[in-house]
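Below is one structure, written out as C-alpha cells; the observations come after it.
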Amino acid sequence: MWKQFLSKLPRRSSKSDSACDSAHNHPGSNASPSGNSIQRASSGNAGPGRSTTVKRMSSAVFPSSVVAGIEPLLSFKDVPNAEKQNLVISKLNLCSAVFDFSDPNKNSAEKDMKRQTLLDLVYFFNSGTPRFTEPMISASCRMFAINLFRVFPPNYRTNSSSGGETEEEEPIFDPAWSHLQLVYELLLKFIASSSLDAKLGKKYIDHSFILRLLELFDSEDPRERDCLKTILHRIYGKFMVHRPFIRKAVSNIFYRFVFETDRHNGIAELLEVFGSVITGFALPLKEEHKIFLWKVLIPLHKPKSVGVYLQQLTYCVTQFMEKEPKLASSVIRGLLKYWPVTNSQKEVMFLSELEEVLEATNTVEFQKCMVPLFRRIGYCVNSSHFQVAERALFFWNNDHVISLVAQNRQAIVPLIFPALEKNSRSHWNQAVLNLTMNVRKMLSEMDEELFLACQRKLEEEEERREAVEEKRKMTWERLESAAAFQPVTGNTAVLVRPVMTPPMAATLT
C-alpha cells in the first residue's frame, strides 16, 4: 500500500495543477498523473492487506487525511534540476498528512519521516530556489492550510473572566509543535522568498487564507503566536493589495475582544505587528487611521486584562502622537474616559502610560486638557492606595511634565494644591508623605507668591466651610428646640426623631 500511495505523487509540472485540485477535494490523497517517474526507495514492509486509516489530531481538529504510511522521498541533490519542481510538489503532498500527537509512541516512524521531509523542504527553500511556479505555490498553500488551520478545542480555552492569557497563567504548549514549528518556518521562508511573485501568490494567499491565519492568534501556545506575528508582518509587507483588508480584519478582532468576548490570547502580538505598521503610515494621516486610534486603540484600555498588552498598546498610541502631535489632547481625554476608578493596579498602569503620553505632548495640546487631567491626578494623589498616590507624585520627577506645569502654573497649582495639603496632614504612608512634602517644596520654589495665595485661599475655604457647617448645626438645634415646646396643630411640620425598633423576636415573645 505504501508503494501505491507514493506512486500517486505527481511527476511532471504539467500534471501538478490537476493533482493539487484533486488533493484539495480529497485531503491526504493525490491524483495519479502520467509521465516519467522519479526514482525513490522502496518500502519493505508494505503489503496489500494493510488497511487505510484516518488519523486526526486530538490537540487540534485538522482536516482528515487518509494515510497508509509514509515513505521518505529522495534528497534534492539526488535528482536533476529539471525534476526538482516535481520533487518539491511530491514532498509538499507528502507533508499534507497529519498525525495524532497525544500519544508520542503512535506512528513514530511516520512522524519522523514527515519531519525529515519538512527539513528537506526548509533546506531547499533556504538555498535560493528558482522562481516558484503556480503548481508549487498551490501545493505549498494547500500544505500550509492542512497543517496549520484548525479549530482549538474548547477545553484548551480558559474560562477566566479576566480574559486571555494572563501573566500568572502557565502557557500551554501544543504537542504537535515539532511539526508545526517546521511548517511555520517553511511558510515564513515561502512568504519572504524573492522567488515568490506577489501577483501570482495573492491568488492563493487570499482573504480567506489571511482570515484563517488571524484566527490562529488565539492559540494558547506562545511559540505559535510569536511565529504568526512575524509571518503576518511579512504578508502585510509583501502583499500591498491585502493591507486594507488586514487592517480591517484585525480591527474586527479587537472590536470583538473589547465589546463581546473580553478574552483573546493574541492581542499583544497583534498590537506588536501594528506598532510597525503605524510607523510606516504616510503623512498626513488618513481619516481611516485616526478612526483606528479613536475607535480601537483607546477602547482597548477598557478590558481588565489590559496589563498583558499595555506595553504594546502604549507604543502604538505614542507612535500616532509622534506622527501627528495634534492627536495628543484626544488621546489624554480618551484615557480619562476609561480611567479605572475601583481597580488600583490598573490605575497605576494608566498613570505610567499617561506619563509617556505627556512626554510626547506639546504645550498647545496640553492646555486643551490640563484641567480635567490634573483634577484626576489630584484624586490619584489623595488615593488611600499608596502605590497609586506614589505613582501620581512621581510625575514631578519628569522634566517635561515639570516644564508643562511651570508654563501653566496659574491653572494647575490651584488644582493640585488642596490634594497635596490633605496628604501632608493625614496620609498614612510615610513614603507618600515624603514625596508630598517634596512636591510642595518644588511648587513653592517655582512660584512662592502663587503657592502662598493658594494656601490662603484653601484656609479661607476651610474657614468658610466650617462656618457653614456650624450655621447648619445651629439652625437644626433651634428647630429641634422650638419643636419640642410647641404643640402640634393643623399641618405644622414636625421633626421626627428615628425610634429604635425592638427586635422581631422580642416583639413576638
(request) Mind telling me whether Phe281 and His289 have parallel, tilted or perpendicular rings, with 30° and 60° as the class edges? (result) parallel
(message) Distance alone, cut at 3.5 Å: any donor-acceptor contact between the side chains of His385 and Glu347?
(response) no
(message) For Tyr123, is the OH atom crowded, meaning more than 12 foreign heavy atoms sit under 6.0 Å from it?
(response) no
(request) Please check if atom CZ in Phe209 has more than 12 non-hydrogen atoms from other residues, nucleotides or ligands closer than 6.0 Å. (result) yes
(request) Indicate whether any N or O donor in one side chain lies under 3.5 Å from an N or O acceptor in the other, for Gln116 and Asp112. (result) no
(request) Indicate yes or no: at least one non-hydrogen side-chain atom of Ile291 is less than 4.5 angstrom from one of Lys286. (result) no
(request) Supply the atom-to-atom distance Leu420 CG to Leu415 CG, rounded to the nearest 0.5 angstrom. (result) 11.0 Å
(request) Identify the heavy atoms of Lys326 and Glu365 that sit nearest to each other, and give their distance. (result) O-OE1, 3.0 Å
(message) We want to know whether Arg115 and Ser178 form a side-chain donor-acceptor pair, criterion being a heavy-atom distance below 3.5 angstrom.
(response) no
(message) Once rounded to the nearest 0.5 Å, what's the spacing between atom CG of Leu435 and atom CG of Asn423?
(response) 10.0 Å
(message) Can you tell me if Glu477 has over 12 outside heavy atoms packed within less than 6.0 Å of its CD?
(response) yes
(message) What I want to find out is whether Lys457 reaches Glu460 closely enough, with some N-O distance under 4.0 Å, to be called a salt bridge.
(response) no
(message) One thing to verify: whether Arg425 and Glu462 come together as a salt bridge, which I'm taking to mean a side-chain N less than 4.0 angstrom from a carboxylate O.
(response) yes
(message) Are there over 12 heavy-atom neighbours, none belonging to Lys422, within less than 6.0 Å of that residue's NZ?
(response) no
(message) Please verify the inter-ring angle class for Tyr184 with Trp177; under 30° counts as parallel, over 60° as perpendicular, anything in between as tilted.
(response) tilted
(message) Any heavy-atom pair between the side chains of Leu232 and Glu269 that's under 4.5 Å?
(response) no
(message) For a 4.5 angstrom cut-off between non-hydrogen side-chain atoms, does Phe374 reach Val405?
(response) yes
(request) Measure the acute angle between the ring planes of His301 and Phe350, then classify it against the limits of 30° and 60° as parallel, tilted or perpendicular. (result) perpendicular
(message) Any donor-acceptor pair under 3.5 Å linking the side-chain atoms of Tyr236 with those of Arg247?
(response) yes
(message) Do the side chains of Lys229 and Asp226 get close enough for a salt bridge, i.e. N-O under 4.0 angstrom?
(response) yes
(message) Under a 3.5 Å threshold, yes or no: a donor from one side chain and an acceptor from the other, between Gln407 and Ser403?
(response) yes
(request) State, yes or no, whether a side-chain contact exists between Pro303 and Tyr309 at a heavy-atom distance under 4.5 Å. (result) yes
(request) Check the side chains of Asn343 and Lys304 for a donor-acceptor pair under 3.5 angstrom, ignoring hydrogens and angles. (result) no
(message) If the threshold is 4.0 Å, N to carboxylate O, is there a salt bridge linking Glu469 and Arg472?
(response) yes
(request) Enter the distance from Leu118:CG to Asn147:CG here, rounded to the nearest 0.5 Å. (result) 7.0 Å
(request) Compute both the distance and the angle, then confirm whether Lys111 meets the cation-pi test with Phe101: under 6.0 Å from the six-membered ring centre, within 45 degrees of the axis. (result) yes
(request) Answer yes or no: are there more than 12 heavy-atom neighbours, outside Glu355 itself, under 6.0 Å from its atom CD? (result) yes
